[in-house]
4 protein chains.
Amino acid sequence: MEFHNTKAIYLQIADFVFEQILLKKWKEDDKIPSVREMAIELQVNPNTVSRTYLWLEEKNIVQTQRGVGYFVEKDAIQSVLAIKKEEFLKIDLPGIFKTMDLLEMDITDFEKRYHKRKLL
Amino acid sequence: MEFHNTKAIYLQIADFVFEQILLKKWKEDDKIPSVREMAIELQVNPNTVSRTYLWLEEKNIVQTQRGVGYFVEKDAIQSVLAIKKEEFLKIDLPGIFKTMDLLEMDITDFEKRYHKRKLL
Amino acid sequence: MEFHNTKAIYLQIADFVFEQILLKKWKEDDKIPSVREMAIELQVNPNTVSRTYLWLEEKNIVQTQRGVGYFVEKDAIQSVLAIKKEEFLKIDLPGIFKTMDLLEMDITDFEKRYHKRKLL
Amino acid sequence: MEFHNTKAIYLQIADFVFEQILLKKWKEDDKIPSVREMAIELQVNPNTVSRTYLWLEEKNIVQTQRGVGYFVEKDAIQSVLAIKKEEFLKIDLPGIFKTMDLLEMDITDFEKRYHKRKLL
DNA sequence: GTGGTCTAGACCACG
DNA sequence: GTGGTCTAGACCACC
């Protein structure tokens, strides 16, 4: 996995977890990879993964069991969707629209790009 | 002016400058507000405005004249558009498309929101 | 049995044993449930119960007979009371008083809650 | 400041902050000591203080301003009281009552100790 | 084995 | 100066 410089690594790992859950690769009650496993696989420090997992726990996406591991929470999908949707509608979309206006980019241009990339 | 927590303040100020230029409120060769004036108006630390202006200078959007002030560069509009477009196409759009997929948000949903906000 | 997240499970199990002894459900020289039985009943890892029993043995609450099982020690009630009392007076009470002060909670409020729950 | 072994240091520091706020030594909008200052004063690692402050920020007790510092939030006292009270009523009190029963400790005994310590 | 905490030290962005 | 993040490595309690 490669990391961008624009966002904290631990949040990018959180996004990765989000994806696994939304794509149903990790389901409710599943044990997710341990902090150490994940750290080795992603080539990062265990503390960084730990930070991600703590953050996800606060958001009720995962749950910890002492000495056992982390598990996907009940309704994790709903929680993830809620977080993502909130973020998208309140933060991303307004910015997008504003930028499109400034760039004088039409909605049809947007659609074209949208469909084009669908083909990839 | 209000600042989001998601982006550095000095970049949000840069966006503000971009807007003034694209909306032709500040034109080529115009003197733009001094660092101090800007800092007072936006209620931020002068260093922050200074950083914005330096960043804009690197991007050839503004130009400094020692002891006089900052001025809008020749073809600033083109430069701004180029920067914005590059950023939008390479960084923003892919992220948007990915999020739309994960949220199972349709292009028609996007269009609806686009037109709705047009009315505001 | 449900466990809180605030205290180690093996100590919560110890509290459970304490209760059985104080309530005289388990008396001197009685054989207590085996580690395995207990683990199944409480739905925990056998190691966890084992740790509880070892801890209780150190405190002279139970005694082990190799190949036979664990038994309630002589004067276990006294030992339990001593441990609990010590803990309560030296650790719990000071904390309670301090919290009551900070919350500006009156002793009469405490009494009210004490009597109310008596009715349950 | 001395730390107990029973509770994480970063949470004990949080308790310390709680006290300052409840005792009105730190008021709304006050800047609180920087992470580094606090770390030196308490003889702990800056990361530990940072952890405390992050935790407090999640609880809406303090607020961060980039490059400036941490500040006491609006209504921090209410938030602290709410957290403390919740904790006390739901977790501490039931345990106390149960222990009092097991120790056959009377409410009058409790009162005596309460008043006695008031005299100190 | 698991997670939780802490230290030491570093670098970065920001004001 | 400030906070934010990350690494490296350690020790602990717990299962």
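None of the values given here were measured: they were computed from a predicted structure.
- Residue D/N45 is classed as a base contact, given a heavy-atom separation below 4.0 Å to a base.
- A salt bridge is absent between C/D15 and D/K98: the closest approach of a Lys/Arg side-chain nitrogen to an acidic carboxylate oxygen does not fall below 4.0 angstrom.
- Of all heavy-atom pairs between D/F3 and D/L42, the closest is CE1-O, 3.9 Å.
- As rounded to whole Å, 14 Å separates atom P of F/dT7 from atom CE of A/M38.
- Side-chain contact between A/V72 and A/K27 is absent, with no heavy-atom pair separated by less than 4.5 Å.
- For A/K85, the NZ atom sits in a loose shell: 12 or fewer heavy atoms of surrounding residues, nucleotides or ligands are nearer than 6.0 Å.
- Rounded to a whole Å, the CG atom of C/L42 is 14 Å from the C1' atom of F/dC15.
- The separation between D/K7 atom NZ and F/dC12 atom C1' is 18 Å, rounded to whole Å.
- Note: CZ (A/F3) to P (F/dT7) measures 8 Å, nearest angstrom.
- Around the CD atom of D/E41, the shell of radius 6.0 Å holds no more than 12 heavy atoms that belong to other residues, nucleotides or ligands.
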Close N or O pairs between protein and nucleotides 2-5 of chain E (under 3.5 Å):
{"from": "E/dT2", "atom 1": "OP1", "to": "A/S34", "atom 2": "OG", "distance (Å)": "3.2"}
{"from": "E/dG3", "atom 1": "OP1", "to": "A/V35", "atom 2": "N", "distance (Å)": "3.3"}
{"from": "E/dG3", "atom 1": "OP2", "to": "A/V35", "atom 2": "N", "distance (Å)": "3.1"}
{"from": "E/dG3", "atom 1": "O3'", "to": "A/T64", "atom 2": "OG1", "distance (Å)": "3.1"}
{"from": "E/dG3", "atom 1": "N7", "to": "A/R36", "atom 2": "NH1", "distance (Å)": "2.9"}
{"from": "E/dG3", "atom 1": "O6", "to": "A/R36", "atom 2": "NH2", "distance (Å)": "3.2"}
{"from": "E/dG4", "atom 1": "OP2", "to": "A/Y70", "atom 2": "OH", "distance (Å)": "2.5"}
{"from": "E/dT5", "atom 1": "OP2", "to": "D/R51", "atom 2": "NH1", "distance (Å)": "3.3"}

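- Across all strands shown, E/dC14 forms a Watson-Crick or G-U wobble pair, both distances under 3.5 Å, with F/dG1.
- Salt bridge D/K25/D/D30: absent, no basic N to carboxylate O contact under 4.0 Å.
- Between A/N5 atom CG and E/dC12 atom C1' there is a gap of 10 Å when expressed in whole angstrom units.
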